[in-house]
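The first residue in the sequence is number 1, and the count goes up from there. As a basis for the values below, the full set of heavy atoms in this structure was taken, side chains included, without hydrogen atoms, waters or symmetry mates.
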Amino acid sequence: MKHLILFLCLAMGILTFGYAQSPISIGLKGGLNFANFAGDNVNTDSRTGINFGAFGTYSVKETFGITAEINYAQKGAKTSNSKLNINYLEIPVHLSYFFGKGKVRPKLMAGPYLGFLMNSELQVGNAKVNAKDIYSNTDFGLNLGGGLHYDLGDAKWLYLDARYGLGLADVTKASGNVYNRVFSINVGISFGLD
């Protein structure tokens, strides 16, 4: 895990240094996750968590860009008497299409994500139990969403987006299939490197 984080930081640094004169922006984001499970015999309710991280965007042209993120994401689900907290280090990559050329620019986005399990905890009442051995070490899926970018001037943008994470990997080691489903609302700020 440490090697992966180091590799991603080095890759982002090389990209930033190598393309300092190109349309690259970097930024920070954070938001809320409304997470649940889907799959065989799943009967759970949504759990609210947080997500936050950093991102870099390469604008291929004015209306089209590629973004890579590295995020901490809280997922899981709850029932009437328990709550399952599953936390991931996630790496989404998505393509964005921007509309218009004004101060406010809507966008649509889609792309895959890969998640690495950091920890998992089952909470029943006040008792908490480590549940990491029950869940797979990785998750992957597809993010679909849209949002708005607001031009703050001086190559700075404030953005708001909503996305739906459709998990495609069975995240349990138990029998049956269980998939992550997450609706998230995010806010962020980006800074152009031109």
Side-chain angles (χ1 to χ4, degrees), residues 1-12 26-56 67-94 109-145 147 159-189:
M1 182 65 75
K2 291 179 184 176
H3 297 298
L4 175 66
I5 294 170
L6 178 62
F7 171 77
L8 291 171
C9 290
L10 286 173
M12 193 74 112
I26 59 171
L28 300 172
K29 63 170 281 289
L32 292 176
N33 284 349
F34 303 96
N36 206 342
F37 290 137
D40 300 336
N41 302 314
V42 172
N43 186 18
T44 56
D45 295 319
S46 176
R47 172 203 183 239
T48 302
I50 61 168
N51 73 77
F52 59 87
F55 63 90
T67 300
E69 301 177 356
I70 186 163
N71 298 321
Y72 171 80
Q74 293 181 332
K75 298 185 178 182
K78 65 180 181 180
T79 65
S80 59
N81 62 353
S82 67
K83 182 164 67 168
L84 180 61
N85 303 314
I86 305 177
N87 302 318
Y88 292 93
L89 175 70
E90 276 192 349
I91 303 167
V93 176
H94 58 261
M109 55 189 244
Y113 73 85
L114 178 62
F116 299 94
L117 182 66
M118 295 179 68
N119 58 33
S120 178
E121 180 180 82
L122 177 64
Q123 181 176 347
V124 181
N126 291 329
K128 296 180 181 179
V129 177
N130 184 340
K132 191 171 181 180
D133 293 337
I134 301 171
Y135 292 90
S136 301
N137 289 328
T138 57
D139 179 28
F140 65 87
L142 183 65
N143 284 325
L144 305 167
Y159 83 83
L160 175 69
D161 77 31
R163 56 181 86 169
Y164 183 72
L166 179 68
L168 301 175
D170 180 4
V171 295
T172 69
K173 295 178 182 175
S175 61
N177 295 315
V178 176
Y179 306 95
N180 280 315
R181 298 290 187 259
V182 180
F183 176 75
S184 63
I185 300 171
N186 307 287
V187 64
I189 187 164

Can you name the side-chain contact (heavy atoms from CB on, under 4.5 Å) partners of I189, sequence neighbours left out? L152, F191

Restricting to pairs with a member in residues 162-182, which pass salt bridge (Lys or Arg N to Asp or Glu O under 4.0 Å), not counting sequence neighbours? E69-R163, D161-R163

Please identify each residue that fulfils ring-ring contact (aromatic ring centres under 6.0 Å, His included) with F52, with sequence neighbours left out. Y72

Can you list the residues that meet the side chain to side chain donor-acceptor pair (under 3.5 Å) rule with T79, with sequence neighbours excluded? N81, S82

L28: what forms a side-chain contact (heavy atoms from CB on, under 4.5 Å) with it, not counting sequence neighbours? A54

Distance check, rounded to the nearest 0.5 Å: L142 atom CG versus H94 atom NE2? 11.5 Å

Would you please name every residue forming a side chain to side chain donor-acceptor pair (under 3.5 Å) with N137, sequence neighbours left out? none

Sequence neighbours left out, what passes side-chain contact (heavy atoms from CB on, under 4.5 Å) with L168? Give chain and number order. F140, L166

My understanding is that only residues two or more places apart in sequence, or in another chain, count here; which of them pass side chain to side chain donor-acceptor pair (under 3.5 Å) with S120? none

Using a 3.5 Å cut-off and no angle test, enumerate the donor-acceptor pairs between side-chain atoms of residues 124-133 and protein atoms at least two apart in sequence or in another chain.
{"residue": "N130", "atom": "OD1", "partner": "K132", "partner atom": "N", "Å": "2.8"}
{"residue": "K132", "atom": "NZ", "partner": "M118", "partner atom": "O", "Å": "3.3"}

Rounded to the nearest 0.5 Å, how far apart are CG of N177 and CG of D40? 4.5 Å

So do the side chains of Y179 and V171 get within less than 4.5 Å of each other, counting heavy atoms only? no

For Y159, the ring-ring contact (aromatic ring centres under 6.0 Å, His included) test, sequence neighbours excluded, returns F55, H149

Tell me the salt bridge (Lys or Arg N to Asp or Glu O under 4.0 Å) pairs involving residues 71-82, sequence neighbours left out? K75-E90, K75-D139

With side chains defined as the heavy atoms from C-beta onward, is the minimum distance between Y113 and V182 less than 4.5 Å? no

So, the side chain of N180 versus the backbone of G167: is there a donor-acceptor pair under 3.5 Å, distance only? no

About how many Å separate OH of Y164 and CG of L144, when rounded to the nearest 0.5 Å? 9.5 Å

Do N186 and K29 have side chains that get closer than 4.5 Å, going by heavy atoms? yes

For a quick test of reading the model, state the closest non-hydrogen atom pair linking F37 to A77 and the distance between them. CD1-CB, 3.6 Å

A side-chain contact here means heavy atoms from C-beta on lying under 4.5 Å apart; do F183 and N36 qualify? no

Determine, stepwise, if the pair N51 / N71 fulfils side chain to side chain donor-acceptor pair (under 3.5 Å). CA-CA 7 Å; N51 73 77; N71 298 321; 5.4 Å; no

Nearest 0.5 Å, what's the OG-CG distance between S46 and N33? 9.5 Å

Distance check, rounded to the nearest 0.5 Å: L84 atom CG versus I134 atom CD1? 8.0 Å

